[in-house]
Protein chains: 2
Amino acid sequence: METIEQVLESKNIRVTAMRMLIYKFLAEKDVAVTLSDIENAFAKSDRTTLYRTMKTFEDKAIVHQIDDGTGITKYALCEQGCNCDIKTDLHLHFHCNNCKETICLTDHKIPQIKVPNGFVSENVNLVVKGICDKCSS
Amino acid sequence: METIEQVLESKNIRVTAMRMLIYKFLAEKDVAVTLSDIENAFAKSDRTTLYRTMKTFEDKAIVHQIDDGTGITKYALCEQGCNCDIKTDLHLHFHCNNCKETICLTDHKIPQIKVPNGFVSENVNLVVKGICDKCSS
DNA sequence: AATAAAGTGCAATGGAAGTGCATTTTTAAC
DNA sequence: GTTAAAAATGCACTTCCATTGCACTTTATT
């Protein structure tokens, strides 16, 4: 089991108190979070710091952004072995219309999408909306 | 060939000069447009009017919103026979990373997406990003 | 023509993303 | 250890888009 310090160091990210806290917060969540979610969890910290921290985490492939159609950017930790950095790890996201949470369905890969002749596919964003397992039971 | 008036009337939308102009503008475009695009095309009109017009059009299934990940809502006319109103017409959208335009690939249906047990899929948003036919040639 | 209903325009608000700069903290060099 | 450089943080601000309230105008109805 890696410590948070080790995770950050292995990705060449400087270890700071704030970053460890943010990482811990993300790790405890099983749903994608917004900047405001993080902001509310750390009343002490500034939005800008969180914003830039997430940007750093994203650059280093520790988190990935999720656009679930709510208009608000969400973030989630990349899974072990996730290849978000090379843009080919295309798992899909599920947004619950009931509880409004968004989660990664990491082990559900996006099927190959056919595009017309002349079009080149580089990236795919797929969000399924509906009712999540917690809300449907 | 239906006139614009007939289209609007058939959808129970009151015909006004502004609405006809907006419809015409949309019909001439083969790409999805933002509110600002429409705003710029009609310097005379107010953003609010356009916003509410699009909302009306959307309610009546004349246009559908597109969230292509740019963070800005885009709109496109529904095709003849498009079932956007019943939320089952799931064609995909293509966003060009070069010219930044977004278009509907109306005849490319979204494949059936499997979700884990307990999850209920109601709706799917799929955006493919890459290079469009005009930019790749 | 009178009235009600719907559409339109102006002004303003709110939320989120993003930036510049000063300050603090961390790292590295001496 | 002290110091200089680099990176991180916090504050203030700006911008952009979505959205709403209210007054005014236009359209439909009788």
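Letters A, B, ... are given to chains in the order of the sequence lines, protein chains preceding strands, and every chain is numbered from 1. This one's a predicted model, so the numbers in the text were calculated from it and none came from an experiment.
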Student: Hey, which sits more toward the 5' end of DNA chain D by its nearest nucleotide, B:Thr73 or B:Thr16?
Tutor: B:Thr73
Student: Quick one: are B:Ser45 and B:Ile38 in side-chain contact, heavy atoms under 4.5 Å?
Tutor: no
Student: So which one's nearest nucleotide on DNA chain D is more toward 5', B:Ile72 or A:Arg52?
Tutor: A:Arg52
Student: Which residue in the set B:Leu105, B:Asp107, B:Asp133 passes side-chain contact (heavy atoms from CB on, under 4.5 Å) when paired with A:Pro116?
Tutor: B:Leu105
Student: Quick one about B:Asp37 and B:Thr34 (side-chain donor to acceptor, distance below 3.5 Å, no hydrogens or angles considered), yes or no?
Tutor: yes
Student: Measuring from the side chain of B:Asp46 (C-beta onward, heavy atoms only), which nucleotide among C:dG9, D:dC11, D:dT9 has the closest atom?
Tutor: C:dG9
Student: Please tell me which of the listed nucleotides, D:dA12, C:dT8, C:dC10, lies nearest to the side chain of B:Thr48?
Tutor: C:dC10
Student: Check whether any side-chain heavy atom of A:Met54 sits under 4.5 Å from a side-chain heavy atom of A:Leu26, and report yes or no.
Tutor: yes
Student: Atom CG of A:Leu35 and atom P of C:dG14: how far apart are they, to the nearest Å?
Tutor: 21 Å
Student: Counting only side-chain N and O atoms of B:Arg47, is one of them less than 4.0 Å from OP1 or OP2 of D:dC17?
Tutor: no
Student: What's the CD1-C1' distance between A:Ile13 and D:dT9, to the nearest Å?
Tutor: 16 Å
Student: Find the distance B:Met20:CE to D:dT26:P and express it as a whole number of Å.
Tutor: 17 Å
Student: What does A:Thr56 touch in the nucleic acid at a heavy-atom separation under 4.0 angstrom: a base, only the sugar-phosphate, or nothing?
Tutor: nothing
Student: Without decimals, in angstroms, what is the distance between A:Met18 CE and C:dT24 P?
Tutor: 18 Å
Student: Go through C:dT8, C:dT26, D:dG21 for me and flag the one nearest to the B:Thr53 side chain.
Tutor: C:dT8
Student: Expressed as a whole number of angstroms, how long is the span from B:Leu21:CG to C:dT8:P?
Tutor: 11 Å
Student: Nearest of D:dC11, C:dA11, D:dA7 to any side-chain atom of A:Arg14?
Tutor: D:dA7
Student: Contact class for B:Thr34 vs. all strands (heavy atom < 4.0 Å): base, sugar-phosphate, or nothing?
Tutor: nothing
Student: Under 4.0 Å between a side-chain N/O of A:Tyr51 and OP1 or OP2 of C:dA17, yes or no?
Tutor: no
Student: Distance check needed: C:dG7 P versus B:Lys55 NZ, whole Å only.
Tutor: 14 Å
Student: From CG of A:Asp59 over to P of D:dA7, roughly how many Å is that when rounded to an integer?
Tutor: 14 Å
Student: Kindly check if the number of other-residue, nucleotide or ligand heavy atoms within 6.0 Å of CD (B:Glu2) is above 12?
Tutor: yes
Student: Starting at CG of B:Asn40 and ending at C1' of D:dC17, how long is that distance when rounded to a whole Å?
Tutor: 13 Å
Student: Which nucleotide in the list D:dT20, C:dT8, D:dG10 gets nearest to the side chain of B:Arg19?
Tutor: C:dT8
